[in-house]
Amino acid sequence: MLDITFIKENPQLVIDSMNNKGEKNAQLVQRLIDKDEQWRQLVHQIDVLRAKSNKSAKQIGALMAIGNKEEAQTIIQETSRSKSIIKELEKQLNIIAEKRRSLLLRIPNVAHISVPIGHSEEYNQVYSTWGTINTQSWLKPHWDILEKQGWLDFERGVKVTGAGFPFYLGPLAQLQRALIHFFIDEANKVGYVEMQAPYLINEDSARGTGQIPDKEDMMYEIPRDTFFAIPTAEVPVTNFHRGEILFEEQLPLQYVCHTPCWRREAGSYGKDVRGLNRLHQFEKVELVHFVKPDESYETLELLREHVESLLQKLGLAYQTLLMCTGDMGFTQSKKYDLEVWSPGQQRWLEVSSCSNFEAFQARRMQLRYRKDEKVTEMVHTLNGSGLALPRVLSATIETYQTENGLVRVPDILKRYIDREYL
RNA sequence: GGAGAGGUGGCUGAGUGGCUGAAAGCGCUCCCCUGCUAAGGGAGUUUAUGUGGAAACACGUAACGAGGGUUCGAAUCCCUCCCUCUCCGCCA
């Protein structure tokens, strides 16, 4: 959610930004401004009436106290009339306030000046690449290796739950656990606070990070208790501070949190869903920052560098993309995607996206810090995956496979898996 | 899940229909006094939002777990829900 005052002062900037993001409803801006004007007028009208009736109520109290019942009665009669007017206006106000808010929620975040403008992925810029892109033809996709070894069981997953809920077995399960451990250890080293969070969230939290309204279809729902299964740790971790006013000295705050993630992923198919490419349940280590506004872009670079360092230490080739306006989503002001090279599939796989939301999330969930005695200000939030496990697993398996069908243990993981081969 | 007791400002804690956006204490900020330290005195100290103002600020409105209701008037009465504590049940 953007600041209404900012929108009113910079309507054209917001409209341009919407166009750049490929949002077609740029006329929303004017509708919002109009609705806000209506809302303001009505609020004022009601406030004046309420002030009047508050005054009368006080008078009545005073008259009753001295026993002057007749005069009190007269005033009561007068007030009851304006009371019904207030009730009527309040009804209108509710409707208008709701409209205003829903319009406001439909305005996307403004892209940062450094973000390339463009409508589709070909405008994304390759920010950096690292490692050797292995294109040898004998390299197998991970599903061949895993199937042969019996380390990944989709069929029983279907039996027990459904498609997209595989079982990980033996060395693969061990590798995943090692990677999670490694990611958290690395985050701890650079000052992230380790956190374990709820896997179910309530509606207020889903609203806080913007899963509802609109994107509830991505989440699994537990209707009896009105919970949702988290689609990412971003939701509980960011909502951790929802509605708070933080002290300036508390900032910056940074958390690392490993959770499973559940996504309904309706409508996906084909090569995208082979093997570990896309699942309904997967593990992820998430990094979340709460910072002062003037630090958020610097923090975004630190976050990106940290996530890149994970891939480097694992020896996985990757590229970092600076996402263009049209490819970066509603809530972000700047976003990097990290894609790891999958030698067996000969393609890039997204394993992380690191985003700055500026105050967009914070404003929606009223997360502020005290700037000085009088002034509070919205904090800036950022997050990035560090990292999403399934595709890192497949890239690791494919990168470290040998020609005789074995998989070597990456050196960095030998402190968790003390042997040469999986 | 059952029974009981509760949910008030940064904290403790008053407040059962009007003079309470909220006593008192603690904490914190600023000022005064005091040759260190200690002690003392004074002022200030929730949030959101509207109007006016360049601003400082002024004046309103709303909020005492959340949402409804009764009333001219609700922290206070009624209803629903949420949460906390104690006991029981169940359980890792």
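Quantities reported herein were computed from a predicted structural model and do not represent experimental measurements. In the text below, chain A, chain B and the rest are named by the order of the sequence lines, each starting its count at 1.
- When all heavy atoms of A/L303 and A/G384 are compared, the closest pair comes out as CD2-N, 3.9 Å.
- With a 3.5 Å ceiling on both atom-pair distances, B/C90 lacks any Watson-Crick or G-U wobble partner.
- For the pair A/R368 CZ and B/A48 C1', the interatomic distance rounds to 8 Å; values are reported in whole Å.
- Using atom P as the reference point in both B/U29 and B/U46, the two lie 15 Å apart (nearest Å).
- A/D36 places its CG atom 11 Å from the C1' atom of B/G50, with the value rounded to the nearest Å.
- In terms of heavy-atom proximity, A/P11 sits nearest to A/I33 at CB-CD1, 4.1 Å.
- Comparing B/C36 with B/G40, their P atoms sit 15 Å apart, to the nearest whole Å.
- Minimum interatomic distance between A/E23 and A/P108 (heavy atoms only, all atoms of both residues): CG-CG, 3.8 Å.
- Annotation for A/N19 and A/A26: closest pair OD1-CB, 4.0 Å, computed over non-hydrogen atoms.
- When each of B/G50, B/U46, B/G73 is scored by its nearest atom to the side-chain atoms of A/A57, the top-ranked nucleotide is B/G73.
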Check: protein-nucleotides 56-61 of chain B nitrogen or oxygen pairs below 3.5 Å:
residue: B/C57; atom: OP1; partner: A/K374; partner atom: NZ; Å: 3.2
residue: B/G60; atom: N2; partner: A/D47; partner atom: OD2; Å: 2.5
residue: B/U61; atom: OP1; partner: A/N54; partner atom: ND2; Å: 3.0
residue: B/U61; atom: O3'; partner: A/R50; partner atom: NE; Å: 3.4
residue: B/U61; atom: O2'; partner: A/D47; partner atom: OD1; Å: 3.0
residue: B/U61; atom: O2'; partner: A/R50; partner atom: NE; Å: 3.3
residue: B/U61; atom: O2'; partner: A/R50; partner atom: NH2; Å: 3.3

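- When the C1' atom of B/U49 is taken as reference, atom CG of A/L42 falls 14 Å away, rounded to whole Å.
- Paired with A/P231 under the rule side chain to side chain contact (heavy atoms under 4.5 Å, CB included), one option of A/R264, A/K284, A/M219 passes, and it is A/M219.
- Each of B/U70, B/C72, B/A48 was ranked by its minimum atom distance to the side chain of A/K87; first place goes to B/U70.
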Residues A/H380, A/F290; criterion ring-ring contact (aromatic ring centres under 6.0 Å, His included); working and verdict: CA-CA 6 Å; A/H380 280 195; A/F290 301 89; over 10 Å; no
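- Inter-residue side-chain proximity for A/Y369 and A/P293 is flagged as met; some heavy-atom pair is nearer than 4.5 Å.
- Taking atom C1' in both B/G53 and B/U71, one finds a spacing of 38 Å when rounded to whole Å.
- Among the protein residues, A/I75 comes within range of no part of the nucleic acid, since none of its heavy atoms lies under 4.0 Å from any strand.
- Here the nucleotide nearest the side chain of A/H44, chosen from B/G50, B/C72, B/A48, is B/G50.
- The CD atom of A/Q59 sits 21 Å away from the P atom of B/U71 (whole-angstrom rounding).
- Nearest heavy-atom pair, A/L175 versus A/T396, reported as atom, atom and distance to 0.1 Å: CD2-CG2, 4.3 Å.
- When distances are taken from the side chain of A/K83 to each of B/G73, B/U70, B/G18, the shortest belongs to B/G73.
- The separation between A/E203 atom CD and B/A66 atom C1' is 14 Å, rounded to whole Å.
- Rounded to a whole Å, the CZ atom of A/F247 is 16 Å from the P atom of B/G27.
- By the 4.5 Å heavy-atom criterion applied to side chains, A/Y220 and A/H280 are counted as neighbours.
- Nearest nucleotide to the A/I245 side chain, out of B/G50, B/U47, B/C72: B/U47.
- Nucleotides B/C79 and B/A22, compared at atom C1', are 26 Å apart to the nearest Å.
- Place A/T376 and A/N94 on RNA chain B by their nearest nucleotides, and A/T376 ends up nearer the 5' end.
- Separating the P atom of B/U45 from that of B/U51 is a span of 24 Å, rounded to the nearest Å.
- Between B/G4 and B/C26, the two C1' atoms lie 32 Å apart (nearest whole Å).
- Looking at which nucleotide of RNA chain B each of A/S56 and A/Q41 is closest to, the 5′-most match is held by A/Q41.
- Distance, A/W39 CH2 to B/U49 P: 8 Å, rounded to whole Å.
- Taking atom C1' on both nucleotides, B/C33 is separated from B/G25 by 24 Å, rounded to a whole Å.
- Here the P atom of nucleotide B/C81 and the CG atom of A/D225 are 15 Å apart, to the nearest Å.
- Rounded to the nearest Å, the gap between the P atom of B/G41 and that of B/C78 is 44 Å.
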